[in-house]
Each structure stands twice: as C-alpha cells, then as structure tokens.
Amino acid sequence: MNTTRTTTVTCPNCGRGNRIPVAAEGRPRCGHCKQPLPWLVDAGDDDFAEVVERASVPVVVDLWATWCGPCRMVSPALEQVARDLAGRIKLVKVDVDRNPQLSRRFEVQAVPTLLVLNKGETIARQAGAAPAHVLRAWVEQAMAGR
C-alpha cells in the first residue's frame, strides 16, 4: 500500500492547513503552532490494516453509507469529537457500500456502526447516531478501559 497518501487538516488552534499522512506512527501536530491536530481520514478494504490496525493511538471507526440520513447527522458530531480529542484518537470513515469486506468483517447490520479499536482490536461498539457529548463520553470510557 502507498503510505504517502495524505489528507489536509485545518488546525483548530491557528487555522493553518496541514498535510498529514493517512497512515503514520505518532500523533499529528500543526506545523505552525505545534498543537495536536484532529486526525480524520478515509479507509477501505485495501488500506484498512495500514491506516487503522497499525495506528499508535485508538481509532474511532465510522462505518457509514452515503444514503443513510443518521450517518450524515452523526458525521459532524464525530468530527467534533476528533477535534476535542486531537492527539488522542484517530477518526476513520469507511463507506460500507464501497468496502464489502470490512462490512462483513465487522458484521455491520445497521449504519452508522461505530467502533473504537486499539491496535486493531475492537474495544467498543455501538450502532446509531448520538450527539457529540454522548459520543465523546463513549470514546473516553472505551479508552479508559483499554
């Protein structure tokens, strides 16, 4: 897999754009102000192992579909959680319709399905949308139990 694929993230602290790799060790920081950046990326059947399972921080996986209304509602809440927990988690979005192997692997029966993975192991799972403060508490509780 090509480890040089990047995404651009705007620093919530100073507003500068930063290119960060989708798969890397460590925690991304702003090149300008050095604050932790929210790590939001997409992954699929071909690069899931590299992007998610080898991550050095816990990964919140959003298994979603383009046609799903609740998925569109939960996406901004998850992005807020990623900003709130910048440097502590990585948020990875997986379109289940385009990635049937991952859909089968995680036995997705409803979308959105949310997972918290630590070194590739599922440590928490929930289906359905929730507000940002509920999702943040769920993620923090999962991380505390790892």
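Every heavy atom of this structure was used, including side-chain atoms; hydrogens, water molecules and symmetry mates were not.
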Which side-chain N or O atoms in residues 57-73 pair as donor and acceptor under 3.5 Å with protein atoms at least two apart or in another chain?
{"from": "Asp62", "atom 1": "OD2", "to": "Lys93", "atom 2": "NZ", "distance (Å)": "2.6"}
{"from": "Trp67", "atom 1": "NE1", "to": "Asp97", "atom 2": "OD2", "distance (Å)": "2.7"}
{"from": "Arg72", "atom 1": "NH1", "to": "Thr66", "atom 2": "O", "distance (Å)": "2.9"}

Check your understanding: Do any pairs count as a side-chain hydrogen bond (donor to acceptor under 3.5 Å, both in side chains) and have a residue in residues 10-25, sequence neighbours left out, and if so which ones?
Key -> Arg16-His32
Check your understanding: Do you know which two heavy atoms are closest between Val51 and Ala23, and how far apart they sit?
Key -> CA-CB, 4.1 Å
Practice item. Mind jotting down which residue pairs meet the ring-ring contact (aromatic ring centres under 6.0 Å, His included) criterion with at least one end in residues 6-25? Sequence neighbours excluded, please. Key: none
Check your understanding: In Å and rounded to the nearest 0.5 Å, what is the CD1 to CZ distance from Ile20 to Arg27?
Key -> 13.5 Å
Check your understanding: Does any pair with a residue in residues 72-99 pass ring-ring contact (aromatic ring centres under 6.0 Å, His included), and if so which ones, sequence neighbours excluded?
Key -> none
Practice item. Sort and list the pairs that fulfil ring-ring contact (aromatic ring centres under 6.0 Å, His included) and have at least one residue in residues 83-102, not counting sequence neighbours. Key: none
Study note, to complete from the structure: Residues at least two apart in sequence or cross-chain that pass salt bridge (Lys or Arg N to Asp or Glu O under 4.0 Å) with Arg105, listed by chain then number, are Glu53
Exercise for review: Please list, chain by chain and in numerical order, all residues satisfying side-chain contact (heavy atoms from CB on, under 4.5 Å) with Arg29, sequence neighbours excluded.
Suggested key: Pro36
Study note, to complete from the structure: To the nearest 0.5 Å, atom CG of Leu78 lies from atom CG of Leu114 at 5.5 Å
Point to revise | Counterpart residues, side-chain contact (heavy atoms from CB on, under 4.5 Å), relative to Pro38 (two or more places apart) | key: Val9, Pro12, Leu40, Ala82, Arg83, Ala86
Study note, to complete from the structure: Taken in chain and number order and not counting sequence neighbours, the residues that satisfy salt bridge (Lys or Arg N to Asp or Glu O under 4.0 Å) with Arg98 are Asp95
Only distances under 3.5 Å count here; give the side-chain donor-acceptor pairs of residues 125-138 to other protein atoms, sequence neighbours excluded, each with its distance to 0.1 Å.
{"from": "Arg125", "atom 1": "NH1", "to": "Phe106", "atom 2": "O", "distance (Å)": "2.7"}
{"from": "Arg125", "atom 1": "NH2", "to": "Phe106", "atom 2": "O", "distance (Å)": "2.8"}
{"from": "Arg125", "atom 1": "NH2", "to": "Glu107", "atom 2": "O", "distance (Å)": "3.2"}
{"from": "Arg136", "atom 1": "NE", "to": "Glu140", "atom 2": "OE2", "distance (Å)": "3.1"}
{"from": "Arg136", "atom 1": "NH2", "to": "Glu140", "atom 2": "OE2", "distance (Å)": "3.4"}

